[in-house]
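Both backbone and side-chain heavy atoms feed into the values below; hydrogens, waters and symmetry mates do not. For this chain, numbers begin at 1 and follow the sequence in order.
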Amino acid sequence: MTNINKTRFLVRPDKKIRLSDYNPADTSLMPDKDKVKNEIQKDLETMADLQDRFYAEHERALLIVLQGMDTSGKDGTIKHVMKGVNPLGSSAFSFKAPTGEELDHDFLWRFERAMPRRGHIGVFNRSHYEDVLIVRVHQLVPEKVWKARYDQINRFEQLAAELGTVILKFFLHISKEEHQRRLEARLINPRKNWKFSLADVQERALWDDYQKAYEDALSKCSTKAAPWYIVPADHKWFRDWMVATAIVDTLKSLKPKYPAPRTDLAQVRIK
């Protein structure tokens, strides 16, 4: 199995990256598409076993953050990769524009409330990074406000890590050409019509601005405590494999163990 933690797709702390240096169609880590199905199945089985131990151990939590342009595959990744975990020990949150009570608090408040509990794996479909992405691109707050958020996010994630939450962040990197194909598929395929939104087309016009915003977020907020992975996402099968493998690698590194029984089982007799 490829160790994702040692590949060029892991953004090193304090490294300034350019997304143009990363090919969204790159499958070099796993070029054999025919082999991927079996590899993912093995990963899902391993993930299920590790999650069972992780849940029983009940000492740490795992947060998985998924970010990317519309159509990059955040929903698909959750559907295909997270089916390897027990719903009793997992959660998934999809964050939209803040409203009501959320707007009356600081930008991190709603994300703090959704953090996974000990023994649980949580997934954020979009996250606190929207507050240095869409907020920046659409100038929803002054520049000095969103610029301060990089450090605030790093401190938030560092504290979460110190208190027992392991954090993995995946940027699903697709090309502008693939983005167009997927938007067009939503127009053509009746089963995907419901996904289409004119807002996605309007956001596409801001593609370059979003790329710059993502470059800064990845460069400034990839830390040892909460690393970013750049996932080539033009090929859905490769995207799913890479995310699944990274999750399994991380769970393995934690070496979760079943806790010792609370009583001496050798003395127990059931009549």
Is [Y] paired with [X] through a side-chain N to carboxylate O contact shorter than 4.0 Å?
X: Lys236; Y: Asp240; result: no
X: Arg53; Y: Asp49; result: yes
X: Glu215; Y: Lys212; result: no
X: Glu178; Y: Arg182; result: yes
X: Lys176; Y: Asp208; result: no
X: Lys16; Y: Asp216; result: yes
X: Asp26; Y: Arg8; result: yes
X: Asp75; Y: Lys195; result: no

Is it the case that one hydrophobic cluster holds both [X] and [Y], taking links as side-chain heavy atoms less than 4.5 Å apart, direct or via other members?
X: Ile174; Y: Ile17; value: yes
X: Leu183; Y: Met69; value: no
X: Val132; Y: Trp207; value: yes
X: Trp109; Y: Val135; value: no
X: Phe156; Y: Leu159; value: no

Can you give me the closest heavy-atom contact between [X] and [Y], atom names plus distance?
X: Pro116; Y: Ala61; answer: O-CB, 3.6 Å
X: Pro24; Y: Tyr22; answer: CD-O, 3.3 Å
X: Leu50; Y: Lys252; answer: CD1-CG, 3.7 Å

Distance, nearest 0.5 Å, that separates [atom1] of [X] from [atom2] of [Y]:
X: Ser175; Y: Arg181; atom1: OG; atom2: CZ; answer: 5.5 Å
X: Lys147; Y: Gln152; atom1: NZ; atom2: CD; answer: 14.0 Å
X: Ile167; Y: Ile64; atom1: CD1; atom2: CD1; answer: 11.5 Å
X: Trp146; Y: Gln139; atom1: CH2; atom2: CD; answer: 9.5 Å
X: Thr77; Y: Arg239; atom1: OG1; atom2: CZ; answer: 4.0 Å
X: Lys83; Y: Met47; atom1: NZ; atom2: CE; answer: 11.0 Å

With heavy-atom distances below 4.5 Å as the criterion, would you say the side chains of [X] and [Y] are in contact?
X: Arg60; Y: Pro256; result: yes
X: Arg12; Y: Leu10; result: yes
X: Met82; Y: Ile247; result: yes
X: Asp43; Y: Val81; result: no
X: Trp228; Y: Lys15; result: no
X: Met242; Y: Pro232; result: yes
X: Ile153; Y: Tyr150; result: no
X: Ile121; Y: Tyr55; result: no

Can you tell me if [X] uses its side chain to pair, donor with acceptor, with the backbone of [Y] under 3.5 Å?
X: Tyr214; Y: Gly68; result: yes
X: Ser222; Y: Val11; result: yes
X: Asp209; Y: His138; result: no
X: Glu102; Y: Thr99; result: yes
X: Gln67; Y: Lys169; result: no
X: Ser72; Y: His173; result: no
X: His128; Y: Phe107; result: no

CG (Asp104) with more than 12 external heavy atoms under 6.0 Å: yes
Side chain to side chain contact (heavy atoms under 4.5 Å, CB included) between Leu168 and Val243, worked out: CA-CA 10 Å; Leu168 292 177; Val243 173; over 6 Å; no
Parallel, tilted or perpendicular, judged at 30° and 60°: which one describes the rings of Phe93 and Phe95? parallel
Ring centre gap for Trp241 and Phe238 strictly below 6.0 Å: yes
So, for Tyr129 and Phe124, is the gap between ring centers shorter than 6.0 Å? no
May I have the step-by-step check of side chain to side chain contact (heavy atoms under 4.5 Å, CB included) for Trp237 and Thr27, ending in yes or no? CA-CA 10 Å; Trp237 56 270; Thr27 61; 3.8 Å; yes
Show, in sequence, the C-alpha distance, side-chain angles and deciding distance for Asp70 and Arg126, and conclude whether the salt bridge (Lys or Arg N to Asp or Glu O under 4.0 Å) test is met. CA-CA 10 Å; Asp70 292 312; Arg126 299 187 185 276; 2.5 Å; yes
Run the numbers on Glu157 and Leu63 for side chain to side chain contact (heavy atoms under 4.5 Å, CB included), then give the verdict. CA-CA 10 Å; Glu157 293 177 345; Leu63 174 65; over 6 Å; no
Stepwise, does the side chain to side chain contact (heavy atoms under 4.5 Å, CB included) test hold for Phe54 with Leu254? CA-CA 9 Å; Phe54 190 75; Leu254 298 176; 3.9 Å; yes
